[in-house]
Number of protein chains: 2
Amino acid sequence: MFQAGDPMGYFYKVTKGIALIFRSLQDGRRQIVGVHSIGDLCGYLEKDATYNFSGVALTDVEACSFHRRRFDDLVARNPDLGSALANDMSDKLKRAAEHMAVLGQLKSTERVAYFLLQLAEVYNRKMAQSEPLQLHLTREQIADHLGLRLETVSRSFTVLKNNRLIGLVGSDAVAILDRRRLAEFARLGTV
Amino acid sequence: MFQAGDPMGYFYKVTKGIALIFRSLQDGRRQIVGVHSIGDLCGYLEKDATYNFSGVALTDVEACSFHRRRFDDLVARNPDLGSALANDMSDKLKRAAEHMAVLGQLKSTERVAYFLLQLAEVYNRKMAQSEPLQLHLTREQIADHLGLRLETVSRSFTVLKNNRLIGLVGSDAVAILDRRRLAEFARLGTV
DNA sequence: CGGTTAATTGATCCTGTTCAAACTAAGTGG
DNA sequence: CCACTTAGTTTGAACAGGATCAATTAACCG
């Protein structure tokens, strides 16, 4: 889709499928900073002349692309659009701050539990409710999202499975068996 | 200032000093998601009826407070204001995504190096250039920002000191001796 | 089928945590 | 002025959670 360093021309609004936004370091380490599905904007945040992050389509993705400059003009003439944009960003910011707490404070299995609930919520909100939950991400991509290694993610899955919190259907689908206890596991309740 | 769960009335624009924004878990773990200084908005992101995060003043802080509802009206009538807001959020979002990479991928000393450069940049941009750099944060607060323990932060400081990258002036001020090598240490170059 | 890619599982190692003690700096009151 | 407190920092030793390396198994596809 687009890559960090590319000159910025367009940004996208996803209308179908899933896209990952990530940041890479020189040595190959990678942080997936966002999982974007229907309705999400990507590539907008960058106000510099180049993209700061890279985006890649995970499933088949359909998206509307907007020319950035012309869109800005449009926003200037249409306040509603601007506030929709602000809402989108505000929501992303909230999610981002929460994800920081996940990366900074939770331990491996808690992170994976959180990830599953998060993903389930995104899907339920935006797409046909699917049970079991289709991941669409490899263990390595999940790991890069959660700041872990793929082996650790795999082990966490089996821990959750052994505790009868989830069930694995093949290796790309998960059935959430006990949402309540899973949420306790992902102990992200505010105080 | 304000606390997660409080009903949302006002938000703030810092005009002097430093404020920390954080998220707490039940068991006392804490993630500091933002260090806000002059010009930054805080408490705005929440579009729900209550704050999602807590804010606390670190130094003496002066801030303009805005009534959220009335401000929204003002924005609706003044497009420039809206786009300034969008810029602020876009910038925060970029920083947030970068911090996720820090939390997810860097190891302890790299994180501390990154933190110092980040702080130096914020100060240089917003306040009188001060050399040495005044931290204003305790080791524990830094730890909560970087997803580490205070002991680890302390050890990282001594590592950086022993490598002659920084010097400690008292325990709340740092002199950056070799910015270049420090930046290499904080290996957050995009690819 | 066989061949390829991803996932699981095991064993070992290392980074950061935890617990504990010593040290520093800034008050406070006799 | 100095003993005593208190909060924060540094340092040490033991421990544990993930990382790493390596081998095995499972799923997928021509």
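Every chain is numbered from 1, with letters handed out A, B, ... down the list of sequences.
- Closest approach of A/Lys107 to B/Arg29, counting heavy atoms only: N-NH1, 4.2 Å.
- If you check C/dT8, D/dA19, D/dT10 against the side chain of A/Thr158, the one that comes closest is C/dT8.
- Nearer the 5' end of DNA chain D, as judged by each residue's closest nucleotide, is the contact made by A/Arg111, out of A/Arg111 and A/Gly170.
- When hydrophobic clusters are built by joining Ile, Leu, Val, Met, Phe, Trp and Tyr residues whose side-chain heavy atoms come closer than 4.5 Å, directly or via intermediates, A/Val153 is grouped together with A/Leu58.
- Set against C/dA7, D/dA19, D/dT11, the side chain of B/Arg155 has D/dT11 as its closest nucleotide.
- Ring geometry, B/His99 versus B/His145: the interplanar angle falls under 30°, so the pair is classed parallel (tilted spans 30 to 60°).
- OP1 or OP2 of C/dG16 lies within a sub-4.0 Å distance of a side-chain N or O belonging to B/Ser108.
- Considering only the side chain of B/Glu151, C/dA20 comes nearest among C/dA20, D/dT20, C/dA7.
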Report the C-alpha distance between A/Glu184 and A/Arg180 in whole Å, list the side-chain angles of each, state the deciding distance to 0.1 Å, and finish with yes or no for salt bridge (Lys or Arg N to Asp or Glu O under 4.0 Å). CA-CA 6 Å; A/Glu184 281 169 24; A/Arg180 248 187 73 116; 3.6 Å; yes
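- Of the candidates C/dT17, D/dT11, D/dT20, the closest approach to any side-chain atom of B/Leu148 belongs to C/dT17.
- With C/dA7, D/dT10, D/dG8 as the choices, the nucleotide that has an atom nearest any side-chain atom of A/Ser171 turns out to be C/dA7.
- When rounded to the nearest whole Å, the span between CG of A/Asp172 and P of D/dC28 equals 9 Å.
- The residue among B/Leu168 and B/Lys107 whose nearest nucleotide of DNA chain D is located toward the 5' end is B/Leu168.
- Comparing C/dT18, D/dT10, D/dG18 against the side chain of B/Leu150 picks out D/dT10 as the nearest.
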